[in-house]
2 protein chains.
Amino acid sequence: MDKIDSDILRFLQQDNRITAAELGAAVGLSTSAANDRLRRLNASGAVLANRAIVAPAALGRTLLAFLFVDLEPRSDEAGFAAAMAAAPDVLEAHHITGPHNWLVKLRVADTAALQRFLASTLKPLAGVIRTETLIVLDTAKETSVLPTD
Amino acid sequence: MDKIDSDILRFLQQDNRITAAELGAAVGLSTSAANDRLRRLNASGAVLANRAIVAPAALGRTLLAFLFVDLEPRSDEAGFAAAMAAAPDVLEAHHITGPHNWLVKLRVADTAALQRFLASTLKPLAGVIRTETLIVLDTAKETSVLPTD
DNA sequence: ACTGAAACTCAGGGTAG
DNA sequence: CTACCCTGAGTTTCAGT
């Protein structure tokens with residue numbers, strides 16, 4: 001992970017369909033050297049995945065919400081984590097410090113779908129004491145791009 | 001946006017470096033027809049971006065935190081939104097319902113960097129009354145992949 | 001949907017520090 | 001020995017039909 005690698009990661013985070021030739025020109029490497037770096041970064045695990053970022057509206061997921069979830073003491077945290085990972089509506093689930101146990105980010109179609117998630121997916125889980133729902137009114141920024149410094 | 005398009009979006013969200021030939025075989029289209037769909041989805045805005053997802057650890061960003069931010073009534077919300085959008089440490093900033101005004105997601109190197117963000121970036125902003133920091137202890141799921149139903 | 005031209009990828013092998 | 005570069009064969013893309 002030298003400076004050239006982090007330069008490459010910066011470009012790939014903006015657009016991973018850049019060609020090895022363009023990338024090489026941008027960071028001062030030959031096409032094949034850039035290609036070597038590309039493969040190494042993908043193989044080493046520094047690049048976790050290559051994804052298209054889809055507009056939520058294009059798939060009808062216009063409602064963004066965060067949930068706080070409180071679990072009973074000594075309840076099955078791993079089971080809860082697995083249930084969140086398996087739920088398609090759930091984009092993120094984090095175990096957090098503070099008054100609540102989990103913070104869950106989800107994208108659904110509308111409030112009816114949110115209600116359905118709470119009633120059908122969350123409420124049946126063992127250990128769930130209570131939840132608190134925060135609705136997102138407006139998003140100023142939402143990205144997966146990490147600074148490369 | 002017919003069924004084939006949403007099938008294509010499902011594959012592209014998993015791996016956008018799939019070739020038009022493979023994609024066509026997967027969804028029952030010729031290579032060139034798949035290619036046409038690919039270009040249309042990118043041009044129409046259904047695909048917002050094509051990004052490499054980088055491991056936070058590879059860039060030394062091992063601390064994930066959420067902040068609640070409270071602003072004074074009638075303060076400059078747009079200015080705050082712009083400041084968050086411009087801050088590299090900030091991955092997300094959402095205007096939310098509930099007792100707080102904003103929910104901010106950030107990834108930094110360590111608690112010292114978090115402190116620096118609070119003191120140097122957040123505190124100087126006009127209208128910020130108080131903040132509450134939630135540290136992420138463990139992440140069960142974190143993805144940008146939307147379900148295609 | 002097909003086709004052909006241009007562009008791109010990706011090993012293999014060579015070279016310099 | 002590692003990182004980089006060159007080259008050529010095989011794919012892939014992308015217009016035009």
Side-chain angles (χ1 to χ4, degrees), chain A residues 1-60 143-149, chain B residues 1-62 88 107 109 142-149:
Chain A
M1 273 302 297
D2 55 4
K3 169 158 169 37
I4 294 181
D5 277 336
S6 69
D7 281 350
I8 291 175
L9 289 179
R10 178 153 37 85
F11 284 104
L12 290 181
Q13 286 190 102
Q14 292 306 323
D15 176 10
N16 71 350
R17 299 202 314 183
I18 188 174
T19 65
E22 288 172 309
L23 193 57
V27 302
L29 244 47
S30 72
T31 301
S32 43
N35 210 348
D36 288 348
R37 297 257 189 175
L38 270 176
R39 243 170 317 144
R40 196 166 343 125
L41 287 169
N42 276 282
S44 72
V47 173
L48 295 176
N50 287 285
R51 319 206 117 109
I53 307 298
V54 174
L59 293 170
T143 186
S144 61
V145 177
L146 298 172
T148 45
D149 305 68
Chain B
M1 272 304 294
D2 55 4
K3 171 160 170 31
I4 294 182
D5 277 336
S6 70
D7 282 349
I8 290 175
L9 290 180
R10 178 153 37 85
F11 283 103
L12 291 181
Q13 285 189 100
Q14 292 306 322
D15 176 11
N16 71 350
R17 301 201 312 182
I18 188 173
T19 65
E22 289 172 308
L23 192 59
V27 302
L29 244 47
S30 72
T31 302
S32 44
N35 210 347
D36 287 348
R37 296 256 189 176
L38 270 176
R39 245 170 316 147
R40 192 164 350 120
L41 286 170
N42 276 282
S44 72
V47 173
L48 295 175
N50 286 286
R51 317 207 120 106
I53 307 298
V54 174
L59 293 171
R61 303 253 160 188
T62 50
R107 251 187 213 287
E142 184 177 24
T143 185
S144 61
V145 176
L146 299 173
T148 46
D149 304 55

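These numbers come from a predicted model, not from an experiment. We use all heavy atoms of the structure for the numbers below, so side chains are in, but hydrogens, waters and symmetry mates are not. Here is the naming used below: chain letters follow the sequence lines, and residue numbers restart at 1 for every chain.
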| remark: Output for pair (A/Asn50 CG, B/Ile18 CD1), nearest 0.5 Å, gives 12.5 Å
| query | Do B/Ile4 and B/Arg37 come close enough that some side-chain heavy atom pair is under 4.5 Å? | reply | yes
| query | Rounded to whole angstroms, how far apart are CZ on A/Arg37 and P on D/dC4? | reply | 4 Å
| query | For the pair made of CZ in A/Arg39 and C1' in C/dC8, what is the distance, rounded to whole Å? | reply | 13 Å
| query | Near DNA chain C, under 4.0 Å by heavy atom, which residues of residues 3-29 of chain A? | reply | A/Thr19, A/Ala20
| message | Assess whether a salt bridge exists between A/Arg40 and A/Asp36, defined as any Lys/Arg side-chain N lying under 4.0 Å from an Asp/Glu carboxylate O. | response | no
| task | Go through the steps for A/Asn16 and B/Ile53 under the test side-chain contact (heavy atoms from CB on, under 4.5 Å), then give the verdict. | result | CA-CA 9 Å; A/Asn16 71 350; B/Ile53 307 298; over 6 Å; no
| task | Go through C/dA1, D/dT7, D/dC14 for me and flag the one nearest to the B/Ala33 side chain. | result | C/dA1
| field | Integer-rounded Å distance: D/dT12 C1' and B/Asn35 CG | value | 9 Å
| task | Whole angstrom is fine here: how far is it from CG in A/Asp36 over to P in C/dC10? | result | 11 Å
| Does A/Ser32 get its side chain close enough to the base of D/dC6, under 3.5 Å, for a donor-acceptor pair? | yes
| message | I want to check something: taking the side chain as every heavy atom from C-beta on, are A/Glu22 and A/Thr19 in contact at a cut-off of under 4.5 Å? | response | yes
| task | Give the rounded distance in Å between these two atoms: CG of B/Asn42 and P of D/dC14. | result | 10 Å
| So do the side chains of B/Arg10 and A/Val54 get within less than 4.5 Å of each other, counting heavy atoms only? | no
